Student: 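Sharing a structure, written as structure tokens. Questions coming.
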Amino acid sequence: AQSVSQHNHHVILSEAASLELGCNYSYGGTVNLFWYVQYPGQHLQLLLKYFSGDPLVKGIKGFEAEFIKSKFSFNLRKPSVQWSDTAEYFCAVNFNDYKLSFGAGTTVTVRA
Amino acid sequence: GAGVSQTPSNKVTEKGKYVELRCDPISGHTALYWYRQSLGQGPEFLIYFQGTGAADDSGLPNDRFFAVRPEGSVSTLKIQRTERGDSAVYLCASSSGGEETQYFGPGTRLLVL
């Protein structure tokens with residue numbers, strides 16, 4: 001069955017630290033990949049997406065993600081986090097159709 | 001520009017009651033989706049509309065759940081005989097096409113007592 005897994009449920013780090021959130025999916029076919037973010041009290045917002053082309057994707061607010069097809073992974077990174085990056089992050093995959101399958105989410109807490 | 005809007009933002013009801021949740025998509029978006037998000041989990045797909053028709057309702061948990069989109073714009077998710085297990089945040093998203101980026105609304109938080 002197609003599934004999406006996020007490795008960390010909760011990550012706590014200090015400002016200026018680097019962040020990497022893991023995302024893996026199980027499916028051998030064509031996929032579209034997304035990272036969404038939900039800031040406290042706000043709705044889901046798109047951080048970045050990968051449909052095709054350069055596997056290193058740059059998104060908003062300094063985030064980037066790398067699609068590694070051989071590892072079925074789409075990890076999210078940010079070199080230096082800020083307190084305002086405190087949020088819940090969701091990896092989502094479109095398995096060659098229209099609906100999104102989401103991971104369980106990772107809560108990121110950045111300490112000032 | 002206006003994003004996806006959902007009303008009400010919160011709904012408290014009693015077990016056994018009927019509820020309707022409304023979604024107003026981004027203007028011009030032909031595709032509309034409903035998802036449900038339970039505490040501590042990611043959103044789960046419920047139903048997908050392309051225009052007025054439900055192209056895929058395979059995520060609806062049972063026949064108490066029904067959704068319509070009569071004019072290809074606003075959609076209503078209807079839940080009959082609500083149960084405590086229906087308590088969740090119901091999210092609506094829209095996109096310009098079936099496999100395009102989905103933009104989410106703020107959700108309706110449903111609490112069934």
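These figures come from a predicted structure and were not determined experimentally. Per chain, numbering begins at 1; letters A, B, ... match sequence-line order.
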Student: My understanding is that only residues two or more places apart in sequence, or in another chain, count here; which of them pass side chain to side chain contact (heavy atoms under 4.5 Å, CB included) with A:Asn24?
Tutor: A:Ser5, A:His7, A:Ser73

Student: If we define contacts as heavy-atom pairs under 4.5 Å, which of A:Leu100, A:Leu44, A:Val4 has the most with chain B?
Tutor: A:Leu100

Student: Considering only NZ, NE, NH1 and NH2 on the basic side and carboxylate oxygens on the acidic side, decide whether A:Arg77 and A:Glu64 come within less than 4.0 Å.
Tutor: yes

Student: Just to verify, which of B:Ser94, B:Ser5, B:Ser75 counts as forming a side chain to side chain contact (heavy atoms under 4.5 Å, CB included) with B:Pro25?
Tutor: B:Ser94

Student: State which residues pass side chain to side chain contact (heavy atoms under 4.5 Å, CB included) with A:Glu88; sequence neighbours excluded, sorted by chain then number.
Tutor: A:Phe90, A:Thr107

Student: Checking heavy atoms, do the side chain of B:Ser9, its backbone, both or neither come under 4.5 Å from chain A?
Tutor: neither

Student: Would you compute the distance between atom CG of A:Asn32 and atom NZ of A:Lys49 and round it to the nearest 0.5 angstrom?
Tutor: 9.5 Å

Student: Tell me if the aromatic rings of A:Phe51 and A:Phe34 count as close, with their centers under 6.0 Å from one another.
Tutor: yes

Student: Under 4.5 Å, heavy atom to heavy atom: which of residues 104-113 of chain B reach chain A? Give them by number, or say none.
Tutor: B:Phe104, B:Gly105, B:Pro106

Student: Need one label for A:Gln45: side chain, backbone, both or neither, based on atoms under 4.5 Å from any heavy atom in chain B.
Tutor: neither

Student: Where does B:Gln37 contact chain A at under 4.5 Å (heavy atoms): side chain, backbone, both or neither?
Tutor: side chain

Student: If I measure from the heavy atoms of chain B, does A:Leu46 come under 4.5 Å with its side chain, its backbone, both, or neither?
Tutor: side chain

Student: What I'd like to find out is whether the side chain of A:Val57 reaches to under 4.5 Å of the side chain of A:Trp35, using heavy atoms alone.
Tutor: no

Student: Can you name the residues that form a side chain to side chain contact (heavy atoms under 4.5 Å, CB included) with B:Glu83, not counting sequence neighbours?
Tutor: B:Arg64, B:Asp86

